[in-house]
There are 2 protein chains.
Amino acid sequence: MSPARARTSQAAIIGAARDLLEDGGLEAVSMAGVAERVGIKAPSLYKHFDDRSGLLAAVATEVALQLERALTDAVARSGADPATRLDARAVAYRSFALATPRASALLFASVAPGVAPAPEAQARAAHPVLEVCKAIVGSARALSAARVLTAFAYGFTSMESAGAFRFGGDVEEAYRFGIAVLAAGLERGAVDAPDAAATHARA
Amino acid sequence: MSPARARTSQAAIIGAARDLLEDGGLEAVSMAGVAERVGIKAPSLYKHFDDRSGLLAAVATEVALQLERALTDAVARSGADPATRLDARAVAYRSFALATPRASALLFASVAPGVAPAPEAQARAAHPVLEVCKAIVGSARALSAARVLTAFAYGFTSMESAGAFRFGGDVEEAYRFGIAVLAAGLERGAVDAPDAAATHARA
DNA sequence: ACCTGAACACCGTTCAAGT
DNA sequence: ACCTGAACACCGTTCAAGT
């Protein structure tokens with residue numbers, strides 16, 4: 001009788017894991033370290049999550065939802081023009097990704113087996129990008145366009161965080177250049193024939 | 001006297017580590033596992049590399065050199081037109097990245113502290129992309145253009161390997177679409193005024 | 001000069017025992 | 001229903017000892 005009451009919560013555990021991840025990378029997220037931060041011992045964590053992968057997946061989902069909020073806020077503060085909304089979104093994503101690079105990596109890379117945000121959370125984070133793309137290139141190409149934009153923004157900020165840009169120069173300007181180039185290409189593609197892009201790729 | 005002769009080589013160790021990485025991910029690259037593959041015991045590895053990070057960094061350098069060869073070959077087989085060379089390079093990079101996704105991640109992401117290709121190897125792999133970009137957008141914008149193209153190709157294939165594209169559709173077509181959009185945007189940017197891109201980004 | 005076994009402090013995970 | 005200590009098989013790394 002009088003069963004032991006919970007001394008912590010899933011949210012607290014996820015928060016602790018996220019902090020450790022961002023401060024020291026994946027290997028800093030040990031079950032013992034997480035447990036200590038929330039005032040319990042490592043074995044007790046298995047009452048809240050299946051295993052370390054499950055905990056990291058929960059962190060990924062949490063990060064996806066935070067990103068969605070950050071992007072929604074940024075777009076809400078921007079104008080109504082599609083190109084402007086796209087630019088605001090891209091800039092806001094970079095801020096988010098550079099502020100929490102290791103957490104952001106959980107969203108798109110497979111940092112460990114089984115570690116990925118819940119499909120629903122990923123869909124929610126992706127939805128607004130699809131909307132902007134639809135407005136620019138039409139619904140037939142919206143999915144491809146969203147994938148291209150996401151791949152660029154993720155790839156660029158991931159490389160930037162990793163220190164992969166080692167030749168000097170203005171990295172932020174390169175990012176803005178990339179967004180401008182993509183926007184120009186997409187707008188031009190939108191008025192072309194449906195198969196213009198494929199034709200161009202093989203030219 | 002008669003000091004023990006080497007039973008293995010740095011190249012063999014790097015190859016074993018690379019195989020384990022590609023087959024089972026980073027956590028499958030254990031010092032004991034690598035040692036067993038080359039017929040020695042784990043402690044002996046420390047006569048060849050400082051530590052696990054050093055070994056992984058050597059793998060990253062090796063991968064960078066392999067990528068350079070693959071890209072050089074692909075471009076040599078393509079035509080002389082800059083846009084065609086760019087396309088051939090992008091397609092060849094995707095083939096390489098999808099064939100060895102976990103090794104490729106070592107090139108641009110920071111999968112673990114201190115794990116990155118040697119600067120010289122990275123520079124060699126990056127040089128030809130810079131050349132193509134110079135031909136398309138001029139030397140003033142070549143570095144930014146190369147960063148944008150690399151970020152897109154890396155980000156896209158990384159997401160593709162991670163299974164991040166979950167909404168169906170033709171993923172390969174999206175990649176070709178992205179290359180076409182970037183090529184179109186870069187060519188257009190090349191004839192614009194120097195600051196056209198930045199202006200566009202803020203429009 | 002390279003390899004080895006033994007040892008160290010860690011790690012994720014399981015499980016019986018507590019409340 | 002949740003928490004714990006003890007135990008398991010691992011892990012990277014160090015080091016004295018071998019050849």
Side-chain angles (χ1 to χ4, degrees), chain A residues 1-61 102 106 110-116, chain B residues 1-61 102 106 110-116:
Chain A
M1 358 216 131
S2 90
R5 281 244 307 0
R7 261 167 249 181
T8 183
S9 66
Q10 290 218 10
I13 296 169
I14 291 171
R18 212 206 129 129
D19 290 347
L20 286 171
L21 170 65
E22 206 51 64
D23 287 353
L26 253 200
E27 31 174 68
V29 186
S30 68
M31 298 302 268
V34 172
E36 190 185 10
R37 285 219 171 193
V38 298
I40 61 175
K41 303 292 181 182
S44 304
L45 288 175
Y46 294 82
K47 294 292 170 182
H48 299 274
F49 296 93
D50 282 348
D51 50 25
R52 185 172 177 265
S53 287
L55 170 53
L56 289 171
V59 173
T61 296
R102 306 206 233 228
L106 297 183
S110 73
V111 300
V115 178
Chain B
M1 356 215 132
S2 94
R5 283 248 300 6
R7 261 166 249 185
T8 183
S9 65
Q10 290 218 11
I13 296 169
I14 291 170
R18 212 205 129 130
D19 290 346
L20 286 172
L21 171 66
E22 207 51 64
D23 287 353
L26 252 200
E27 30 174 68
V29 187
S30 68
M31 298 302 268
V34 172
E36 190 185 11
R37 284 220 171 192
V38 298
I40 61 174
K41 303 292 180 181
S44 303
L45 288 175
Y46 293 82
K47 294 292 171 183
H48 300 273
F49 297 92
D50 284 347
D51 50 23
R52 186 171 176 265
S53 287
L55 170 53
L56 289 172
V59 173
T61 296
R102 306 204 234 228
L106 297 183
S110 73
V111 300
V115 177

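Every heavy atom of this structure was used, including side-chain atoms; hydrogens, water molecules and symmetry mates were not.
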Atom-pair distance (CE on B/M31; P on C/dC10), nearest Å: 19 Å

Gap separating the CD1 atom of A/I14 from the CG atom of A/D19, nearest 0.5 angstrom: 12.0 Å

To the nearest 0.5 Å, atom CZ of A/R18 lies from atom CG of A/D23 at 10.5 Å

For atom NZ of A/K41 and atom C1' of C/dG12, their distance in whole Å: 16 Å

In whole Å, I'd like the distance from the CD1 atom of A/I40 to the P atom of D/dT4. 7 Å

With rounding to the nearest 0.5 Å, note down the distance linking NZ in A/K47 to CD1 in A/I40. 11.5 Å

Could you check B/A6 against B/P43 and say which one's nearest nucleotide on DNA chain C is further toward the 5' end? B/A6

Is B/D51 atom CG crowded by more than 12 heavy atoms from other residues, nucleotides or ligands, each under 6.0 Å away? yes

Calculate the interatomic distance between A/E36 atom CD and C/dC10 atom C1'; express it in whole Å. 14 Å

Whole-Å distance, B/L26 CG to D/dC11 C1', equals 14 Å

Taking any heavy-atom pair under 4.0 Å as a contact, classify B/V38: base, sugar-phosphate, or nothing. nothing

When we call it a touch if two heavy atoms are under 4.0 Å apart, what does A/V34 touch: a base, just sugar-phosphate, or nothing? nothing

Output the residues of residues 44-57 of chain B in contact with DNA chain C, where contact means a heavy atom of the residue under 4.0 Å from an atom of the strand; sort by number or write none. B/S44, B/K47, B/H48

In DNA chain C, consecutive runs of at least three Watson-Crick or G-U pairs below 3.5 Å, as range with range, amount to C:4-8 with D:12-16, C:12-16 with D:4-8

Measure the CD1-OG1 distance between B/I13 and B/T8 for me, rounded to the nearest 0.5 Å. 4.5 Å

Taking DNA chain C as the partner, which of residues 7-21 of chain B come within under 4.0 angstrom of it by heavy atom? B/R7, B/T8

